[in-house]
Protein chains: 2
Amino acid sequence: MTDLYTTNALRLLQVADNFRDGLSGEFSAVHGISVNEFLLLLHIKRSASNRLSRVDLAKRMHVSASTITRMAAPMEKVGLVGREVDQRDARLIFVVATDAGQEKLSEALATFSKRASYLFSDRWEVDEVDQFASMLGRLIGGTCDTLA
Amino acid sequence: MTDLYTTNALRLLQVADNFRDGLSGEFSAVHGISVNEFLLLLHIKRSASNRLSRVDLAKRMHVSASTITRMAAPMEKVGLVGREVDQRDARLIFVVATDAGQEKLSEALATFSKRASYLFSDRWEVDEVDQFASMLGRLIGGTCDTLA
DNA sequence: GCAATAAGCTTGCATGCGCAAGTGATTTGC
DNA sequence: GCAAATCACTTGCGCATGCAAGCTTATTGC
């Protein structure tokens, strides 16, 4: 049949898909944002100075720069994020979270954590969760700016 | 900060994204198919009778029925899949893999396995891989038709 | 200094996808 | 038996996204 590496990779994709799908539904219904909008806010909050340039966001989120432009526009309109310019480099336009944006992130993060708990807590021992975290940490490696 | 469940879920999404992105690039460059087209072929191969109806495929792949219709059309045109009708129920249109489709799947599966090996083998002990498989298996649960 | 190159961002175009409506085939209720 | 409901599939429409081209601003080479 197929080796264990392959099986693991397939299951990894499947589990992530399932989780993301469920999350997407609850996010749009309860908070009115998409998973990617949530991740955008989260990346900003986890950044060093609470703001990120568009290309920086694009790299961290694994999307193109144009996607960031088109994601940020409606979020500005709704008041979740604002823009700041760099004094030194007029090319840079930072995305910052407004108070409303931070509030929205906080609510969405609660939903996220709730679903994460459902995923693990019922069927897992505490030390297994620890070990799983360490395994995932190694899989992420140093390849990208880590979110968690 | 954030609890371990949340961290794990974030990392899970991140690892899956990374893997899928890399896979997508190599698939389109080397095999000329998308990840979803690969998964479609794989679902058919893993099915009981080497063929699946469109709604069946949609459920297993977590996409809408219209997506299957639109994915299958170009794959038929290129000769990777064919269609079979059910004698009993004229509504059903099964998707089957042609010889070329099975060949393509086989090549793509080799690429997939190679990348899966890269992901795990360098940094993992054998029994860790075992344990990871069991953990992912529990995360998938009985919620959906399993692919691996 | 100034031309050439590069970086950050935006926009036009094409693609992939979900949702809702439509069509034809089958099952159900009575 | 037949009308109504259900199911499998397709199609029109809108949204999200990547790629390539273009614009503006910085940097580099000389």
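Per chain, numbering begins at 1; letters A, B, ... match sequence-line order.
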Heavy-atom count check: over 12 atoms from other residues, nucleotides or ligands less than 6.0 Å from B:Asp99 CG?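 Not more than 12 within 6.0 Å, no.
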State whether the number of non-hydrogen atoms from other residues, nucleotides or ligands found under 6.0 Å of B:Lys45 atom NZ is greater than 12. no
The helix from C:dG1-D:dC30 to C:dC30-D:dG1: angle between its terminal axes, five pairs each, to 10°?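 So the angle between the two local helix axes works out to 30°.
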Residue pair A:Phe132, B:Phe132: steps toward the ring-ring contact (aromatic ring centres under 6.0 Å, His included) verdict: CA-CA 8 Å; A:Phe132 196 67; B:Phe132 196 66; 5.5 Å; yes
Check this for me, if you would: do B:Arg88 and B:Asp86 make a salt bridge, where the nitrogen-to-carboxylate-oxygen distance has to be below 4.0 angstrom?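 Answer for the salt bridge query: no.
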Taking only distance into account, with no hydrogens and no angle test, what donor-acceptor pairs under 3.5 Å do side-chain atoms of residues 100-109 of chain A form with protein atoms, sequence neighbours excluded?
unit_1	atom_1	unit_2	atom_2	d
A:Lys104	NZ	A:His31	O	2.9

Please list residues of residues 64-85 of chain B whose heavy atoms come under 4.0 Å from any atom in DNA chain C, ordered by number; otherwise none. B:Ser64, B:Ser66, B:Thr67, B:Arg70, B:Met71
Filter on ring pair (Phe, Tyr, Trp, His ring centres under 6.0 Å), then keep only pairs touching residues 71-92 of chain B, sequence neighbours left out; what's left? none
List the residues meeting side-chain hydrogen bond (donor to acceptor under 3.5 Å, both in side chains) with B:Ser117, not counting sequence neighbours, and say none if there are none. none
Between C:dA7 atom P and A:Asp56 atom CG, what is the distance in whole Å? 14 Å
Quickly work out the B:Arg91 CZ to C:dT27 P distance and round it to whole Å.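 From B:Arg91 CZ to C:dT27 P: 6 Å.
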Could you check B:Leu139 against A:Phe120 for side chain to side chain contact (heavy atoms under 4.5 Å, CB included), going step by step and ending with a plain yes or no? CA-CA 7 Å; B:Leu139 288 182; A:Phe120 293 108; 3.8 Å; yes
So, for B:Tyr5 and A:Phe112, is the gap between ring centers shorter than 6.0 Å? no
Of all nucleotides in DNA chain D that come within under 4.0 Å of a heavy atom of chain B, which is furthest toward the 5' end and which toward the 3' end?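 That gives a stretch of D:dC7 to D:dC13.
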5'-most by nearest nucleotide on DNA chain D - A:Ser34 or A:Asp86: A:Ser34
